[in-house]
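Report on the structure given below.
First the proteins, then the strands, lettered A, B, ... as listed; each starts at 1.
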Protein chains: 2
Amino acid sequence: MQQLDVSSYLGKLQDYYAKERIIPSTTQLSVLWNGKARSWTHRIVQRLKEEGFLENGPGGRLRPGPRFFERTVGHRIRAGLPQEAFDVQPELLRIDDYLIEKPSQTILFPVKGDSMIDLGILEGDMVVIERSDSASPGQVVLAIVDNEFTLKVLARDKEGYYLEARNDRRSGDYLPIRPEQKLEIYGFYVGLFRKAPASRNRIGSSRG
Amino acid sequence: MQQLDVSSYLGKLQDYYAKERIIPSTTQLSVLWNGKARSWTHRIVQRLKEEGFLENGPGGRLRPGPRFFERTVGHRIRAGLPQEAFDVQPELLRIDDYLIEKPSQTILFPVKGDSMIDLGILEGDMVVIERSDSASPGQVVLAIVDNEFTLKVLARDKEGYYLEARNDRRSGDYLPIRPEQKLEIYGFYVGLFRKAPASRNRIGSSRG
DNA sequence: TATTATAGAGAACAATCGTTCTCTATTCAA
DNA sequence: TTGAATAGAGAACGATTGTTCTCTATAATA
């Protein structure tokens, strides 16, 4: 009548995955889980699948399921915290996987200037751009204007497509850009990442 | 005498992996690469291994190699010609390595609220936190207040340490937090990443 | 023209795969 | 004490695996 404690098996598997980046086969899992029989291993795998930690990819191979990357902060470090503040282990999740859907059509771009600051896009950020010739109004796009790349919001009115900045405080400096002929779009914005410069963090604690 | 263009094969494989989170078997790769013979597929895989895009994990299975997650970084100025990428080698970057220095001491944390919006940290962003019990004034820290995690700027005055928000427009809503006893710091902010929700992108092109 | 590398087909190998079956212990609750 | 669930062993299945052969056809080079 007791519950099968699947978590110790899962823990070992997660550690293995963090190191090898592969879900092992049943045979190898048996070894990893202290040499149990393959049939038994298979049964545990079934449980992990039912609970969403594993799933079958194409070809019957195992792969991480949606819950595989979960881990609770409280459990690991602060048992006292009642809050279910679960986070994600960076060893398990690749940020890359999270941000990029079509690697072959994705390019990273460093952001210049503060024209998109209202969308939380700062100078020095790296934006993730998915290549595309076209986009919809309202989308953030990387366009080519005067032989330079520029990140702006695509907009449209009766006169056609144009580009808008997103910086209310300096809206006078960033007037809408209307192309002379064709508006050339290079791709659209799908995400960004930012490394906080140690220096920027330390800039005084006084607020304007 | 011509070079085998392995990059188109690699691109398809990278796209597949981004979707399925598995490197397929030789047989499946043959299908993915437009139905080539298994022996030929195997030869291409060998090349990808030589170049560091793939490698053999335990059990002979394929897994992503060290170069598999490299992404190209564009530069601001567009090279004069419509065709980019001639003999100039593009700069490559691995997002995970860029953001995370100490994986075992790093956690990812989802941002709640807009209290740090002036630093470009928005609701729904994932912040990269490096564990530490202490921090310097001016640093952005993840602290524990009232049994909840909160991301704020660490500050200090004659009365001691306290936490500040960074939201000028709603500064009245985010008053400095002064702990009753000890200020408990969980770690400090080293970066963030953000996936642009498709819906957020489409929110109208009109500006307040 | 002869040569060489690319691009591909097809067969064959032992090894491993996931899965299913039947058979024991052990443990715990009714 | 009985029954049922857990925990595990072991054998066996056909399918798929990675790999290695040998054999063509094409295309570019020397």
Spacing of [X] atom [atom1] relative to [N] atom [atom2], expressed in whole Å:
{"X": "B:Arg47", "N": "C:dA5", "atom1": "CZ", "atom2": "P", "result": "11 Å"}
{"X": "B:Arg63", "N": "D:dG18", "atom1": "CZ", "atom2": "P", "result": "15 Å"}
{"X": "B:Ile23", "N": "D:dT17", "atom1": "CD1", "atom2": "C1'", "result": "16 Å"}

Q.
For a quick check, with a 4.0 angstrom heavy-atom cut-off, what is the B/S/- contact string for nucleotides 8-20 of chain C, read 5' to 3'?
A. BBB-B----SBBB

Q) Does B:Tyr9 offer a backbone N or O that forms a donor-acceptor pair with the side chain of B:Trp33 under 3.5 Å? A) yes

Q) Where the side chain of A:Arg166 meets the backbone of A:Val153, is there a donor-acceptor pair that is under 3.5 Å apart? A) no

Q. Is a salt bridge present between B:Asp15 and A:Lys102, judged by a nitrogen-to-oxygen distance below 4.0 Å?
A. no

Q. Would you find more than 12 non-hydrogen atoms of other residues, nucleotides or ligands less than 6.0 Å from B:Glu101 atom CD?
A. no

Q | side chain to side chain donor-acceptor pair (under 3.5 Å) partners of B:Lys19, counting only residues at least two apart | A | none

